[in-house]
S.K.: 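Below are the structure tokens for one structure; questions will follow.
Atom set for the values below is all heavy atoms of this structure, side chains included, hydrogens, waters and symmetry mates excluded.
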Amino acid sequence: MSTSVDDPLARERSHLSASRSALRAMREDVEALDITDVTANWVNAEVLARQIEERVKALADLSDTPLFFGRLDYLHAPGTEQAEGADGERPQPEAAYQTLHIGRRHVHDHDGDPMVIDWRAPVSQPFYRASRKDPMDVALRRRFGYTRGDITAYEDEHLSGPEAVTLSGSAGEAGTSKLLQQEIERPRVGPMRDIVATIQPEQDEIVRSGLSGTVCVQGGPGTGKTAVGLHRVAYLLYAHRERLARTGTLVIGPNRSFLHYIEQVLPALGELTVRQATVDDLVAHVEIKGTDEATAAVVKGDARLAEVLRRALYAHVTMPAEPVVVVRGSRRWRIPAYELEQLVRELLDRDIRYGAAREALPQRIAHAVLVQMERSGEAPDDRVQDAVARNSAVKAAVKAVWPAVDPAKLVLRLLSDAEFLAVHAEGILDADEQKAILWAKPARSVRSAKWSAADAVLIDEATDLIQRTHSLGHVVLDEAQDLSPMQYRAVGRRCTTGSATVLGDLAQGTTPWATRSWQEALTHLGKPEALVEELTAGFRVPTDVITYASRLLPHIAPGLTPVVSIRENPGHFEVRPVSGAEDVVEACAELLRHEGSTGLIAADARVPELSRALAEAGIPYLGPGEETTQDTRLTLVPASLAKGLEYDYVVLDEPRAVIDGEPDERTGLRRLYVALTRAVSGLIVTHAAGLPPQLASATLH
């Protein structure tokens with residue numbers, strides 16, 4: 001790369017070195033804090049020490065992660081206006097430019113002056129959105145290319161201002177950046193990385209949307225929806241840190257492999273406190289020991305079960321038939337049955353949670369007693385009311401009228417007792433649906449029951465009917481298209497007073513209860529007013545690969561817009577007939593000669609055979625969720641676990657077997673669509689059997 005006389009590349013390297021030194025000084029300042037005499041007690045000291053420890057971690061300088069990735073030269077200092085000259089023109093000498101380096105976190109020098117601006121700050125926004133049509137007061141946008149943490153290239157876009165000499169690597173119009181393309185197409189080894197250097201304008205709008213609103217992002221493979229969701233969390237924590245520190249944030253993924261794959265993105269952005277979980281983690285009230293047939297799972301996941309549970313729960317409430325007599329000293333206070341019934345009906349009419357109403361009933365009865373005391377001339381206070389509420393006669397009445405209910409035992413009875421289920425499912429579930437969810441062998445206890453994942457969601461619903469679930473400030477729900485209505489309700493309970501970011505692709509739904517429309521899903525989530533955004537520009541999947549995979553869309557999601565890849569590199573693509581597992585292994589060996597990661601994706605039933613073939617060939621491999629290294633870059637992936645993962649190169653074994661491994665063809669085609677779209681640089685489809693007819697006509701050699 002050629003440079004100008006004063007060597008801009010050397011200047012940028014010098015600024016990078018100075019910024020790293022400043023970041024190290026910031027970290028050392030925090031480490032040197034003496035909190036010995038600052039806190040009042042050991043509890044506060046522990047909390048403060050933990051906060052300092054987290055701050056030190058957040059200031060870590062990751063050697064392979066660029067400290068800044070871009071630069072903005074503003075025509076005027078952000079937030080100010082420059083005076084016009086006598087001729088009406090604004091003077092714009094280069095020295096007057098306000099230069100800001102944009103990076104993953106804020107860095108300042110010993111005087112407090114910024115050396116790197118956090119990408120989430122308002123003044124950084126033009127890095128993602130400015131264009132020649134709307135320069136946003138930016139004269140120049142510079143992108144940097146890195147090799148192992150060192151600046152090795154830069155590229156300039158002159159957006160406004162006076163004519164200037166084009167620096168090395170000028171990209172012209174935004175969107176044609178060579179460095180941007182290189183960053184997008186950079187080989188992937190290890191876990192998912194952040195995309196702060198490559199966020200596009202339509203992605204940035206979603207990332208910076210407000211905390212109060214829920215956003216649903218429909219995005220095909222490679223459109224960056226997962227990254228957008230994670231970066232939105234990072235942005236919200238920056239913009240609303242105090243509020244979210246109190247209320248909490250949560251990222252929900254489909255499985256442990258997926259969560260392991262994304263777990264380094266937020267820490268790389270300096271955010272260490274975001275919890276990650278699966279839906280199963282959220283509803284882990286019982287140990288999962290069993291599985292459901294698809295028919296049973298679909299019924300259990302239906303939102304109608306919420307009403308069945310409500311009926312079954314409130315059936316425990318019975319109207320009092322006897323009065324309550326409270327003895328205090330020599331006096332007896334009698335509350336007749338009709339008055340008790342009125343108190344019970346008032347609580348039922350308030351539609352508050354079962355447990356809250358049960359806790360309120362003793363106080364209501366005690367208040368009725370106090371009214372009688374006052375009428376007789378006594379002057380009882382709150383202590384007397386509390387004492388009456390704890391009276392054994394009152395406790396006995398509450399136990400009889402509004403008994404405590406264990407949510408797991410409630411669900412156990414519904415699934416074990418045909419008569420109990422029939423009574424409470426009448427008019428909601430038909431006879432076949434009731435039969436589908438009844439256990440063939442009723443369990444004797446909660447501990448011995450062979451609970452399924454769907455059963456745990458029912459228990460969570462029952463638990464919330466009894467006692468309100470704690471709500472978080474913001475929840476990110478990824479791969480949402482595979483959730484059942486009852487699972488959406490379980491997630492929605494975790495953000496009733498907060499907001500959510502829902503991420504998914506209707507075309508990739510591979511469960512029997514997969515989402516049919518986002519509006520329906522958002523209604524179950526409790527966020528029907530959510531804004532639905534669609535991402536259609538593909539940054540990850542090569543053109544030839546996504547074009548081939550999109551042949552399935554008319555069969556799996558006819559209403560969706562196909563993804564259009566903006567990759568300049570069309571990628572390597574081949575459909576290869578093979579005679580056996582040895583040929584599949586050879587295809588893997590070919591791809592391993594390239595830099596980056598390789599995934600061998602196959603129908604679950606074929607994984608053992610391919611595992612043996614790889615072992616016989618002496619090719620080491622990992623399982624999904626295990627971190628690839630330079631020495632072991634091949635991962636053997638069952639098709640059922642491929643969703644959300646990505647590899648530089650993919651060998652997809654036997655598409656027909658992937659389809660046949662699912663309960664029906666539509667689900668199988670969706671599973672195949674997922675598997676076909678995991679490649680970033682190249683895909684080889686191997687098949688000994690015939691190709692599915694939906695793909696055969698699209699075969700490219």
Side-chain angles (χ1 to χ4, degrees), residues 206 209-219 225-226 228-230 232-233 236 244 247-255 258 274-284 297-310 353 453-454 456-465 468-535 557 643-644:
I206 298 171
S209 55
L211 177 60
S212 60
T214 289
V215 179
C216 175
V217 182
Q218 158 63 41
K225 56 186 177 295
T226 295
V228 165
L230 294 174
R232 188 180 182 214
V233 171
L236 292 175
L244 290 177
T247 57
T249 52
L250 173 67
V251 174
I252 302 173
N255 52 56
F258 178 85
V274 180
R275 180 188 167 203
Q276 295 183 349
T278 65
V279 173
D280 289 345
D281 293 333
L282 300 182
V283 300
V298 169
V299 177
K300 289 179 181 180
D302 195 302
R304 293 175 296 163
L305 265 294
E307 180 58 28
V308 175
L309 286 166
R310 176 179 287 277
R353 279 171 169 74
V457 178
L458 296 180
I459 295 173
D460 191 70
E461 179 82 28
T463 301
D464 185 71
L465 288 170
R468 184 182 298 275
T469 303
H470 173 68
S471 176
L472 300 166
H474 192 76
V475 171
V476 174
L477 176 61
D478 206 351
E479 299 295 349
Q481 72 279 348
D482 278 333
L483 267 62
S484 71
M486 290 298 282
Q487 287 175 316
Y488 275 113
R489 290 175 62 88
V491 174
R493 285 191 282 278
R494 272 76 186 177
C495 55
T496 51
T497 59
S499 56
T501 302
V502 180
L503 312 166
D505 180 11
L506 296 179
Q508 296 186 58
T510 52
T511 56
W513 48 84
T515 300
R516 292 172 292 187
S517 76
W518 288 123
Q519 192 55 55
E520 179 183 336
L522 292 167
T523 299
H524 293 311
L525 189 71
K527 307 291 183 182
E529 75 293 344
L531 180 66
V532 179
E533 300 279 3
E534 186 172 9
L535 297 176
K643 191 170 297 181

S.K.: Can you tell me how far apart OG1 (T463) and CZ (R353) are? Round to the nearest 0.5 Å.
M.R.: 11.0 Å

S.K.: With no hydrogens and no angle check, is any side-chain donor or acceptor of S471 less than 3.5 Å from a backbone partner on T496?
M.R.: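 Yes, S471 side chain to T496 backbone: donor-acceptor pair under 3.5 Å.
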
S.K.: Nearest heavy-atom pair of W513 and S484: which atoms, and what distance?
M.R.: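 The answer is CD1-N, 3.3 Å.
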
S.K.: With distance as the sole test, does R310 use its side chain to make a donor-acceptor pair with the main-chain N or O of L305 at under 3.5 Å?
M.R.: no

S.K.: Return yes if some donor-acceptor pair links the side-chain N/O of T214 with the main-chain N/O of A500 below 3.5 Å, else return no.
M.R.: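 Judged by distance alone, yes, a pair lies under 3.5 Å.
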
S.K.: Measuring from atom CG of D478 to atom CG of L483, what distance do you get when rounded to the nearest 0.5 angstrom?
M.R.: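 Answer for the CG-CG pair, D478 versus L483, is 10.5 Å.
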
S.K.: So how far is it from T511 OG1 to Q481 CD, rounded to the nearest 0.5 Å?
M.R.: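 The distance works out to 8.0 Å.
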
S.K.: So, R494 side chain and L472 main chain: donor-acceptor pair closer than 3.5 Å or not?
M.R.: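 Looks like no, no N/O pair under 3.5 Å.
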
S.K.: Using modelled atom types only, decide if a donor and an acceptor are shared between the side chain of R489 and the backbone of P485 within a distance under 3.5 Å.
M.R.: no

S.K.: Could you tell me whether a side-chain N or O of S499 sits under 3.5 Å from a main-chain N or O of L211, the two making a donor and an acceptor?
M.R.: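 Looks like yes, one N/O pair under 3.5 Å.
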
S.K.: Can V217 and L535 be said to form a side-chain contact (heavy atoms from CB on, under 4.5 Å), step by step?
M.R.: CA-CA 7 Å; V217 182; L535 297 176; 3.7 Å; yes

S.K.: Does the side chain of T515 reach to within under 4.5 Å of the side chain of E520, using non-hydrogen atoms?
M.R.: no

S.K.: For the atom pair CG (L531) and OG (S209), what is the distance rounded to the nearest 0.5 Å?
M.R.: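 Result: 8.0 Å between the selected atoms.
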
S.K.: Report the residues that fulfil salt bridge (Lys or Arg N to Asp or Glu O under 4.0 Å) with D280, sequence neighbours left out, ordered by chain and then residue number.
M.R.: none

S.K.: Looking at CG of D464 and CZ of R493, how far apart are the two atoms once the value is rounded to the nearest 0.5 Å?
M.R.: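 It comes to 5.0 Å.
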
S.K.: Hey, does the side chain of Q519 reach the backbone of P528 with a donor-acceptor pair shorter than 3.5 angstrom?
M.R.: yes

S.K.: Going by the rule salt bridge (Lys or Arg N to Asp or Glu O under 4.0 Å), which residues pair with K643 if we only count those two or more places apart in sequence or in a different chain?
M.R.: D482

S.K.: Might you confirm whether atom CZ of R304 has over 12 heavy atoms from other residues, nucleotides or ligands at distances under 6.0 Å?
M.R.: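 Enclosed.
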
S.K.: side-chain contact (heavy atoms from CB on, under 4.5 Å) for L503 and E479? Distances and angles first, verdict last.
M.R.: CA-CA 6 Å; L503 312 166; E479 299 295 349; over 6 Å; no

S.K.: If you look only at pairs with a residue in residues 521-535, which of them pass as a side chain to side chain donor-acceptor pair (under 3.5 Å), with sequence neighbours excluded?
M.R.: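 Sorted result for residues 521-535: empty, none.
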
S.K.: Is a side-chain donor or acceptor of Q487 paired with a backbone partner of V457 at a separation under 3.5 angstrom?
M.R.: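 Looks like no, no N/O pair under 3.5 Å.
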
